[in-house]
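Only one structure is covered here, and it is reproduced in the block below.
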Amino acid sequence: MLREQLIRDLQAILPTESVLYGDEDLRPYECDGLSAYRQLPQVVVLPHTEAQIIQVLQLCHATQTPVVARGAGTGLSGGALPHTAGVLLSLAKLNQIRSIDPLARLAYVQPGVRNLAISEAAKPYGLYYAPDPSSQIACSIGGNVAENSGGVHCLKYGLTVHNILKLRVLTITGEALEIGGESLDSAGYDLLALMTGSEGMLGIVTEIVVKLIPLPQKAQLVMSSFDDVHKAAQAVADVIGAGIIPAGMEMMDKITIHAVEEFLHIGYDLNAAAILLCESDGNVEEVADEIVCIQRIMKQSGATRISTSQNDLDRLSFWAGRKAAFPAAGRVSPDYYCMDGTIPRKRLAEVLKGIEKLSQEYGLRCMNVFHAGDGNLHPLILYDANQPGELEKTEEFGSRILEMCIHAGGTITGEHGVGIEKINQMCMQFGNAELAMFHAVKAAFDPLGLLNPGKAVPTLHRCAELGAMHVHQGSTDKFSHLPRF
Amino acid sequence: MQAVINQYQEIICTAAENRAPLCIHGGNTKQFYGNATSAQYATLVDTTAYCGIVDYDPAELVVTARAGTRLSELEAVLEQQGQMLAFEPPHFGMFATLGGCIATGLSGPRRATTGSVRDFVLGVRMLNGKGEDLHFGGRVMKNVAGYDLSRLMVGALGTLGLLLEVSFKVLPKPIAEMTFCMSIDERAAIDKMNRWAGQSLPISATCYRNNKLFFRISGVESVVKATRLKLGGEELQKEEGALFWRSIREQADRFFQIGKNKNLWRLSIASNAAPLTIFGDQLIEWNGGLRWLVCDSEDDNRLIHRVAENASGHATLFRGHSVSSGVFHPLSPAILKIHRALKEKFDPAGILNPGRFYPEL
C-alpha cells in the first residue's frame with residue numbers, strides 16, 4: 001500500500017495529532033530500550049480509545065500492513081522495534097486507571113498505565129501490585145503483560161502471569177476477546193497464560209485486570225559478605241533449604257561490588273568476593289523470625305561480614321548499590337553488553353567459573369549480578385566498541401554464556417524477552433518441532449502474520465546466527481536514567 | 001523409558017492416520033470430570049507406564065516428574081524434604097497421577113492464597129496429535145523464551161497433547177498450621193474473608209458451610225500464635241483440622257455426597273460476590289471465589305450459568321447428570337474460534353480426547 005494512502009486512511013480514523021509521519025516525529029519511536037536496533041516505521045499512531053484501535057487494526061488487516069504495538073518503549077529486547085513497512089501502534093494514550101476494587105483486591109487499568117502508578121493508586125487501601133521490574137517508574141502494564149515481566153520479588157510473589165486475572169484483547173481483525181475473568185479461573189484453555197509474555201505477536205491488549213495484594217507490614221534486609229562465590233551460592237541454597245522464601249535474594253560479584261562502590265560510596269565490603277542481599281517481608285512476627293534464621297545461616301555458611309538493616313533508610317541504602325549495577329558498568333567501561341540467562345541455582349558456581357574462564361580467553365571483563373533466588377543471571381560484559389574487533393569478540397563471548405546457560409539446564413532469557421535481540425538464540429534452545437508449534441500458535445491468532453512480524457520466534461531457516469544487546473557509551477540507551485537490574 | 005514414549009508415538013500416529021479417537025487416562029480417578037465421551041469406541045492410552053521422578057533438588061524448589069507418577073508418591077518424596085505441592089491438588093483416589101492433576105487443572109484449599117496448578121508449572125514435555133516429542137518451558141523459575149505452551153496444557157483435559165513430563169515449582173511446608181472455626185452468617189463471612197485477604201495475614205485456606213467459617217493459619221509458630229489472637233475463633237485439634245481440609249479437598253465431606261437426583265456444580269466467581277440467590281445447598285471456599293452448589297438435576301443449566309455470569313464467573317457441572325450441551329460453561333463465539341484454531345494446530349486429526357472438554361475440541 002502506498003504510504004500516502006495509508007496515512008490518509010489513518011487520518012480518517014484518528015485525530016490529526018494522533019497520526020505521526022514526519023521524519024522528526026517518527027524518530028523517537030525508532031527503537032525501544034534496546035537502542036542497538038533502530039528503524040523507522042511508515043507511520044506512528046497514538047489512539048485514545050479502543051474503538052479507534054479496532055479501526056486501525058481493521059485497516060491494517062485489510063491492507064496487510066504490519067502492526068507493532070508499543071507501550072512505554074522501555075523493553076530491553078527490541079520487542080517494540082518498528083517494522084519498516086508497518087504501523088507503530090502506541091498505547092501510551094490509553095493511560096487510565098479505570099477503577100480499583102479494594103474489597104475484591106483488583107485494579108482495572110488500561111495498557112498505557114505505568115506499573116508503579118498502579119501501586120501508588122492502590123496504596124491508600126493498603127494494597128499494591130507485586131511485580132516490580134526495575135524500570136517500574138516508566139514501564140507500562142501493557143508492556144509487562146507482553147513480556148511477562150518479573151522483578152526483584154518474583155521468587156515470592158510471582159511474575160506478571162501470576163498477578164493478572166483478565167485481559168481484553170483485540171485480534172488483528174479488530175475482534176475483541178475477553179480472556180480470563182474476575183474469578184480465579186475461567187472456562188476453556190488458559191489463554192491468559194498464553195497471552196502473557198507473547199510479545200505482541202497474538203493480539204493487542206486494551207484492558208487489564210490486575211490482582212492487588214496487601215502491603216507487607218515490614219521489610220528487613222540482611223547483607224552478607226563472602227570471601228568465596230561458592231560459599232555465597234551455598235548460603236542461597238541453605239536459606240531455601242531452611243524453608244524460607246525470601247522476598248528478594250540478590251548476589252553481586254567482586255568486580256560489581258567495586259564498580260558500584262566507586263560510583264555510590266555506600267560502604268560495600270570491598271574485600272568480599274561476593275555480597276548477598278537477602279530480604280524478608282510480611283507481618284512483623286514473620287519477619288523477625290526469618291531475619292534471625294537468615295542471620296544464622298549466613299554465619300554458618302561462612303559470611304565474613306553480616307549487616308542487618310535497622311530501618312527502611314538502611315534497607316534502601318543496602319539496595320542502592322545493587323540497583324545501580326548497570327549504570328556503574330557504564331561508568332567503568334565505555335560499553336557493556338547485558339545477558340539475561342536463567343540457570344538452576346545449583347549450577348551457579350560452575351557457570352560463574354565458566355564465565356570467568358571465557359573472560360580470560362576473550363580478554364574482556366565481566367560483571368555478574370544475579371537474581372539468586374530464582375537463578376536469573378545478568379552478566380555484563382565490559383568492552384570498548386572503538387577497539388577494532390572487540391564488539392565481535394563480545395558477541396561471541398555472550399553467545400557462549402547463553403550456550404552455557406542452556407547446557408546448565410536453563411534458558412536464554414529469564415525476563416527481558418526474545419524480541420529481536422535473542423531471536424537467533426531461540427534456535428539453540430528449541431528444536432524445529434517446537435519452533436513450528438510456536439508458529440502454528442501464532443497462526444491460530446494471526447494467520448497473515450501481521451502482528452509484530454519477525455520477532456520472538458525465528459523462522460526455521462534463520463537458525464544460524466547469533467545476536468545480542470549492546471549499550472554504547474550509555475548515551476544510546478534512551479532510558480539510561482532508569483535503574484536496571 | 002524411551003521405549004514407552006515410542007509406543008505412545010506409534011499409537012498416536014496410527015490413530016491420526018485412521019482418524020480414530022484416543023482416550024488418554026492415568027489412574028482413572030478423575031474420569032467423572034468433563035464430558036462423557038464415546039470412550040468405548042476409543043483406543044485407551046494408559047499413561048501410568050511412564051512414571052517416576054526425573055529430577056528433584058529441594059534447594060532448587062523444582063521437581064520434574066513423569067506424568068504417570070502417582071501424586072501420593074510425589075507428595076511423599078516432597079514431604080521427606082519438608083516441601084509440598086502448594087496448590088494442594090485433590091486426588092479423588094489412591095491412583096491419581098501427576099498427569100491427571102495437570103490435565104484437569106484442579107487446585108485445593110490453598111489455591112486462593114498460594115496459587116493454582118498452572119501457577120506452579122514451569123515446563124512440560126509432551127506429544128502432540130502428530131506424535132511429535134516437544135519440550136516447552138523449562139526447569140527454572142524465570143523463563144520467557146517462546147510462548148507459554150506449558151501452562152496452556154493445564155486444564156486442557158488432554159485435548160492438546162499427551163503429557164510426558166512436567167516440571168514445577170514446589171514450596172516449603174509451613175512449620176505450623178492451625179484451624180479455627182466461628183459461627184457467622186453467609187454475607188458477613190464473605191465480607192470477612194475478603195477483608196482478611198486484603199491484610200497481611202498468614203491465612204492459607206477458608207471454607208464456609210452450615211453457618212460456620214473455617215480458616216487455616218500457616219507459618220512459623222510465633223506468627224500462628226499472634227494471628228490467632230487477632231482473628232479469634234474456636235481452635236480445632238490439630239488432627240481434626242488437617243482432616244477437615246482433606247475432606248474438603250477430596251470431597252469426602254458430607255456436603256459432597258450427593259443423592260441420585262442431584263448435581264454438584266462448581267461456580268468460580270468474583271470472591272466478593274454477594275451470597276448467591278439460588279436454590280440448593282452451598283459450600284464456599286477460596287475467600288468466596290469458589291462456590292459449590294448441590295441442586296436438583298432437573299434444574300435448568302442455563303439458570304446456573306446465568307447466576308455465575310452475574311457474579312463475574314463461570315459454572316461447571318462437576319458431578320452428576322451430564323447433559324448434551326456439555327458440563328463446562330459455554331464459551332463466547334470469539335473465544336471458541338480461538339480454541340478450535342489451537343486444537344487444529346496441536347491435534348489436526350482431532351484424535352486426542354475428542355469431546356471431553358467441549359464438543360468442538
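Worth saying up front: this structure is predicted, and the values here are computed from it rather than measured. Letters A, B, ... mirror the listed sequences (proteins, then strands); counts begin at 1.
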Specify which of B:F328, B:Y358, B:F136, B:W286 makes the most heavy-atom pairs with chain A at under 4.5 Å. B:F136
Going by the angle between their ring planes, with limits at 30° and 60°, are B:Y147 and A:F438 parallel, tilted or perpendicular? perpendicular
Measuring only between side-chain heavy atoms, which start at C-beta, is A:E199 closer than 4.5 Å to B:V144? no
Taking every heavy-atom pair that is under 4.5 Å apart, which of A:A237, A:G188, A:A104 has the most such pairs with chain B? A:G188
Heavy-atom pairs under 4.5 Å with chain A: which of B:K225, B:E132, B:K130, B:R266 has the most? B:R266
Output the option from B:D133, B:D57, B:L160, B:L331 having the highest count of non-hydrogen pairs under 4.5 Å with chain A. B:L160
Closest heavy-atom pair and its distance - A:T411, B:A145: OG1-CB, 3.7 Å
Distance in Å, B:T114 OG1 paired with A:H162 NE2, rounded so as to fall on 0.5 Å steps: 12.0 Å
Tell me, out of A:D185, A:I343, A:N283, who's got the most heavy-atom pairs with chain B below 4.5 Å. A:D185
In terms of heavy-atom pairs under 4.5 Å with chain A, which of B:D148, B:D55, B:D119 leads? B:D119
Side chains of B:I335 and A:L177: closer than 4.5 Å at any heavy-atom pair? yes
Chain A contact via B:S222 - side chain, backbone, both or neither, heavy atoms under 4.5 Å: both
Okay, B:A308 and chain A: the region with an atom under 4.5 Å from a heavy atom over there is neither
Close side-chain approach of B:F346 to A:V441, heavy-atom, < 4.5 Å: yes
For a 4.5 angstrom cut-off between non-hydrogen side-chain atoms, does B:I338 reach A:L191? yes
Could you state the interatomic distance from OG (B:S271) to CG (A:D101), rounded to the nearest 0.5 Å? 8.0 Å
Which answer fits A:A242, side chain, backbone, both or neither, if we ask what part of it has an atom under 4.5 Å from a heavy atom of chain B? neither
Spacing of NE2 belonging to B:H314 relative to OG belonging to A:S183, to within rounding of 0.5 Å: 4.5 Å
Rounded to the nearest 0.5 Å, the OG atom of B:S116 sits from the CG atom of A:L184 at a distance of 8.0 Å
Quick check on A:K166 against chain B: is it the side chain, the backbone, both or neither that has a heavy atom closer than 4.5 Å? neither
State the OG1-CD distance between B:T227 and A:E285, to the nearest 0.5 angstrom. 6.0 Å
For A:F430, is it the side chain, the backbone, both or neither that has a heavy atom under 4.5 Å from a heavy atom of chain B? side chain
Between the main-chain N or O of B:K142 and the side-chain N or O of A:E415, is there a donor-acceptor pair closer than 3.5 Å? no
To the nearest 0.5 Å, what is the distance between CE (B:M193) and CG (A:L103)? 11.0 Å
Side chain of B:K345, backbone of A:H439: donor and acceptor closer than 3.5 Å? no
Would you say that A:L194 contacts B:L152 through its side chain, given a criterion of any heavy-atom pair below 4.5 Å between the two side chains? yes
Counting only heavy atoms closer than 4.5 Å, note whether B:L342 contacts chain A via side chain, backbone, both or neither. both
Distance-only polar pair, side chains of A:T342 and B:N143, donor-acceptor under 3.5 Å: no
Hey, which of A:P216, A:G181, A:S198 has the most heavy atom pairs under 4.5 Å with chain B? A:S198
Cationic N near anionic O, under 4.0 Å, B:K337 to A:E175: yes
Of the backbone (N, CA, C, O) and the side chain (C-beta and beyond), which part of B:A273 lies under 4.5 Å from a heavy atom of chain A, both, or neither? neither
Are a donor atom and an acceptor atom from the side chains of B:N272 and A:R105 found within less than 3.5 Å of each other? no
Check each atom of B:E60 against the heavy atoms of chain A and say whether the ones under 4.5 Å are side chain, backbone, both or neither. both
Quick one: closest heavy-atom pair of A:A433 and B:L134, and the distance? CB-CD2, 3.5 Å
Would you say B:K230 has more than 12 foreign heavy atoms packed within less than 6.0 Å of its NZ? yes
Per-residue tally against chain B (heavy atom, under 4.5 Å) across A:I245, A:I244, A:L215 peaks at A:I245
Identify which of A:G375, A:G197, A:G126, A:P344 forms the greatest number of heavy-atom pairs closer than 4.5 Å to chain B. A:P344
Is A:V161 close to chain B through its backbone or its side chain, or both, or neither, when contacts mean heavy atoms under 4.5 Å? both
Checking B:R340 against chain A: side chain, backbone, both or neither under 4.5 Å from a heavy atom? neither
Could you check A:D289 against B:V223 for side chain to side chain contact (heavy atoms under 4.5 Å, CB included), going step by step and ending with a plain yes or no? CA-CA 9 Å; A:D289 190 273; B:V223 176; 5.6 Å; no
Of the listed residues (A:T171, A:I179, A:L202, A:L165), which shares the most heavy-atom pairs with chain B below a 4.5 Å separation? A:L202
Given B:N287, B:I175, B:L171, B:T159, the one with more heavy-atom pairs under 4.5 angstrom with chain A than any other is B:T159
Greatest number of heavy atom pairs closer than 4.5 Å to chain A - which of B:I269, B:V62, B:L336: B:I269
Between the main-chain N or O of B:A59 and the side-chain N or O of A:R345, is there a donor-acceptor pair closer than 3.5 Å? yes
Testing the basics here: between A:L159 and B:M141, what is the closest heavy-atom pair and its distance to 0.1 Å? CD1-O, 4.1 Å
Chain B heavy atoms under 4.5 Å from A:E286: which part of the residue, side chain, backbone, both or neither? both
At a 4.5 Å cut-off on heavy atoms, which part of B:K173 comes close to chain A: side chain, backbone, both, or neither? neither
